[in-house]
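Worksheet for the structure shown next.
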Amino acid sequence: MAYAYDTNNIFARILRGEIPCNKLLETEHSLAFHDIRPQAPHHVLVIPKGPYVTFDHFALEASDAEKADFITAIGRVCKELGVQPGEGGAGYRAISNAGNDGVQEVPHLHVHILGGRVLGRMLERAG
Ligand code: AMP
C-alpha cells in the first residue's frame with residue numbers, strides 16, 4: 001500500500017506559510033522549529049520539506065540530497081541547542097513517532113529533539 005500524504009496536515013500548512021512557527025533553522029530541504037507544547041527545556045521538531053509521512057517513508061523514497069540535508073539539519077539543531085555530548089553538552093533524545101502504535105499525531109515526518117534535563121528511560125513500561 002502506498003503512503004497517503006494529507007496535504008492539509010499542520011506541518012504542511014507551516015511549510016506553506018499559512019500558520020506561523022517558532023523557527024530555529026531552515027535549509028534547502030528541511031525546517032526546524034520549537035514544539036508548541038514542549039516536553040523538555042529543549043524541544044525542537046525537525047521536518048523535511050517534502051511530503052513524507054513517516055521516517056520509513058522518507059528513508060525509502062526521499063532523494064539522497066533530501067536525506068543528507070535532513071540529517072545535517074538534525075546535527076545543526078543539536079549544535080545550536082548545545083546538547084552534543086561530544087562537545088560538552090549534556091545529551092538529548094531524538095524520537096520519531098510513526099503511525100498508530102507509535103502514537104503519531106501529525107502525519108508529516110518529524111524528529112523530536114529533546115534535551116535540557118535528564119529525560120528518564122525511553123518507555124514508561126515494557127511489553
Ligand atoms: P507526534 O505525536 O510525534 O506526531 O508529535 C507532534 C508534535 O507536534 C507534538 O509534540 C505537538 O506539540 C507538536 N505540534 C503540533 N502543532 C504544532 C505547531 N503548530 N507548532 C509546533 N509544534 C506543534
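Remember, it's 1-based here, ligands and their atoms both numbered in the order they're listed. If you're wondering where the values come from, they're calculated on a predicted model, not measured in any experiment. In what follows, residues are counted from 1 in the order of the sequence shown.
Side-chain N or O atoms of D69 include one that pairs as donor or acceptor with a backbone N or O of H29 at under 3.5 Å. No donor-acceptor pair under 3.5 Å is formed between the side chain of K49 and the backbone N or O of E66.
Remark: ligand 1 atoms within the under-4.0 Å shell around heavy atoms of Q104 are 4 (O). Those atoms of ligand 1 with a heavy atom of V103 less than 4.0 angstrom away are 2 (O). Close approach to R37 involves these atoms of ligand 1, each under 4.0 Å from a residue heavy atom: 11 (C), 12 (O). Every atom of ligand 1 with a heavy atom of L45 under 4.0 Å away is listed here by number and element: 8 (O), 13 (C), 22 (N). Heavy-atom contacts of F33 reach the following atoms of ligand 1: 21 (C) (cutoff under 4.0 Å).
When V44, I113, N22, L45 are each tested for a side-chain contact (heavy atoms from CB on, under 4.5 Å) with D35, only one passes: L45. Across F58, Y3, F11, a single residue satisfies ring-ring contact (aromatic ring centres under 6.0 Å, His included) together with Y52, and that is F58.
The nearest protein atom to atom 4 (O) of ligand 1, hydrogens excluded, is given as E105 N, 2.6 Å; this is a heavy-atom distance. The nearest heavy-atom contact from the protein to atom 22 (N) of ligand 1 is I36 N, 3.1 Å. Shortest contact from atom 1 (P) of ligand 1 to any protein heavy atom: H110 NE2, 3.1 Å. Considering only non-hydrogen protein atoms, atom 8 (O) of ligand 1 sits nearest to F11 CZ, 3.4 Å.
Inclusion of H34 in the set of residues having an N or O under 3.5 Å from an N or O of ligand 1 is not warranted. In terms of polar-atom proximity, H112 is counted as a contact of ligand 1, with an N or O under 3.5 Å from an N or O of the ligand. For N97, a nitrogen or oxygen atom sits less than 3.5 Å from a nitrogen or oxygen atom of ligand 1, counting backbone and side chain alike. For a threshold of 3.5 Å applied to N or O pairs, the pair formed by P20 and ligand 1 contains no separation below that value.
Residue pairs meeting the side chain to side chain donor-acceptor pair (under 3.5 Å) criterion with at least one partner in residues 71-84, sequence neighbours excluded, are absent. Under the side chain to side chain donor-acceptor pair (under 3.5 Å) criterion, the residue pairs touching residues 88-107 are R37-E105, with sequence neighbours excluded.
Taking each of N9, N22, I95, D35 in turn, the one with a heavy atom nearest to atom 12 (O) of ligand 1 proves to be D35.
Below 30°, between 30° and 60°, or above 60°: for H43 and H112 the angle between ring planes is between 30° and 60°, a tilted geometry.
Grouping the Ile, Leu, Val, Met, Phe, Trp and Tyr side chains by contacts below 4.5 angstrom, directly or via other members, places L114 apart from F70.
Side-chain contact of Y5 with H57: a donor-acceptor pair under 3.5 Å is absent, judged by distance alone.
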